[in-house]
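A note on names: the letters A, B, ... follow the listed sequences, proteins ahead of strands, and every chain is numbered from 1.
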2 protein chains.
Amino acid sequence: MARAGLTPERLTLAGAELADEVGLDQVTVSALARRFDVKVASLYSHLKNSQDLKTRIALFALEELADRVAAALAGRAGKDALAAFGDAYRDYAREYPGRYAAAQLRLDTETAAASAGVRHARMTRAILRGYDLTEPDQTHAVRMLGSVFHGYVSLEMAGGFSHTAVDSQQSWEWTLDSLDALLRGQASS
Amino acid sequence: MARAGLTPERLTLAGAELADEVGLDQVTVSALARRFDVKVASLYSHLKNSQDLKTRIALFALEELADRVAAALAGRAGKDALAAFGDAYRDYAREYPGRYAAAQLRLDTETAAASAGVRHARMTRAILRGYDLTEPDQTHAVRMLGSVFHGYVSLEMAGGFSHTAVDSQQSWEWTLDSLDALLRGQASS
DNA sequence: GCATCTGCCTAAGTTACTTAGGCAAATTGG
DNA sequence: CCAATTTGCCTAAGTAACTTAGGCAGATGC
């Protein structure tokens, strides 16, 4: 019988696409097998189990997102870098909602340590180079930035900002301006 | 045969407890039936289906959290109110992680409109009464506050802040101070 | 070209979801 | 207080997903 040419990488990518299309929790080994027109059991030569698939998608998304953020940050500093960083996250989540959700999956400690999550942490900290912060304020600021960006993107994706007439893009820009002012230690509006 | 005395309310509460103990996605109709020592099919007299259970837990958590926030806000204004609001969210998430996760579930439009989510939105806006903001800045600020609080709590729960030596409580307080300064239109540190 | 390996298969057991229909306990009304 | 009705939990049965074991055939290497 003809071989489908399955590999962990192809399965991971297809799983990521599926997540974007139908939502991360609709990503199942069975659905993936259907997509490749292959029997379910065949996937178990390439994946340990269902959890393994999800983890692979998460790691893939973390890498992809880190690459984008790195590209966006290149050559920028200060508010430019702040906005580029935030936009990269937000754009990724809007373009690939399933992958973004996967990137939030909780990984066990060793997997997380070997993941691109480390790059994310480094890049967040890099943004603050343009501002005049010393420890422990720098760590506080890293956490706050991460919180704002992740929180905003999550709530926006969940439809939380679609009830009011005010445009979400404007709130986003206001937020970026505010964060910049805050980190510069100056008044905002 | 003896009756177990099931009701939608008892099932919802037990589901919430189960979510806190083993995680929201381990909350299944089967697990709930085991907990009541009852056959699975029996629950379907009280629940429409598995999704219905999750939705009920979400609505319950939203109510419970809104009650706590309302109690925390009573009689407070300005930074006091801001901190009370944030603390109420954070404490709830740490005490009831499964319920907090449930409260983030996406509800369909009409369910969401009838939920305590509306109270949450009103209370967030109420905090800003102590600050001198007019529209559309007020809406921007509501969104930013929601983002920071939700983002911080999510990342903290996911273990994102446990890699550095810096205490999360200190970052939280720094964040609250910063937000207060920002909303007052003044420099922070 | 033959041996080996690899990839996808069938088969089968597990767990969870859900509906249909039944029996007995609780409740209600005479 | 008994009869009728309602209600609550049951068994039975079908669907779907996960996962393991073992087999056969296409690909690979000598």
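- Side-chain atoms of A/Val29 lie closest to D/dC18 of the nucleotides C/dC17, C/dC8, D/dC18.
- Two residues are said to be in side-chain contact when any heavy atoms from C-beta on lie closer than 4.5 Å; A/Leu18 and A/Gln26 fail this criterion.
- Between the CD atom of A/Glu9 and the C1' atom of C/dG7 there is a distance of 15 Å, given to the nearest Å.
- Between B/Ser30 and the phosphate of C/dC17, there is a side-chain N or O to OP1/OP2 separation shorter than 4.0 Å.
- The side chain of B/Tyr44 lies closest to C/dT18, out of C/dT18, D/dC18, D/dT11.
- Closest to the side chain of B/Ala41, from the set D/dC18, D/dA12, C/dT10, is D/dA12.
- Within 4.0 Å (heavy atoms only), B/Leu6 reaches sugar-phosphate atoms of the nucleic acid but no base atom.
- Comparing D/dT19, C/dT18, D/dA17 by their nearest atom to the side chain of B/Val40 picks out C/dT18.
- Distances shorter than 4.0 Å separate none of the side-chain N or O atoms of B/His46 from OP1 or OP2 on D/dT7.
- Comparing atom distances between the A/Thr28 side chain and each of C/dC8, D/dT19, D/dC18 picks out D/dC18 as nearest.
- Across the protein-nucleic acid pair, A/Phe36 atom CZ and C/dC9 atom P stand 13 Å apart, rounded to whole Å.
- Dashed line: the shortest gap from a side-chain N or O of A/Ser45 to OP1 or OP2 of C/dC8 is not under 4.0 Å.
- Ring-plane geometry between B/Phe149 and B/Trp172 is classed as tilted, the angle between the planes lying from 30 to 60 degrees on a 0 to 90 degree scale.
- The CG-P distance, from B/Asp25 to D/dA17, rounds to 18 Å in whole Å.
- Atom C1' of nucleotide D/dA17 and atom CD of A/Gln26 are separated by 12 Å, given to the nearest angstrom.
- Residue A/Lys48 contributes atom NZ, which lies 12 Å from atom C1' of D/dT19 at whole-angstrom precision.
- Salt-bridge formation is detected for the pair B/Arg119/B/Glu63: a Lys NZ or Arg NE/NH1/NH2 atom is positioned less than 4.0 Å from an Asp or Glu carboxylate oxygen.
- Look at CG on A/Leu43: it is 9 Å from P on C/dC9, rounded to the nearest Å.
- By the 30° and 60° cut-offs, the orientation of the rings of A/Trp174 relative to B/His140 is tilted.
- A salt bridge links B/Lys79 with B/Asp177; the closest basic N to acidic carboxylate O contact falls under 4.0 Å.
- The distance between atom CG of A/Asp37 and atom P of C/dG7, rounded to the nearest whole Å, is 19 Å.
- Proximity of B/Ser42 to the phosphate of D/dC10: a side-chain N or O atom is located under 4.0 Å from OP1 or OP2.
- Spacing between atom CG of A/Leu32 and atom C1' of C/dC8 amounts to 15 Å, rounded to whole angstrom units.
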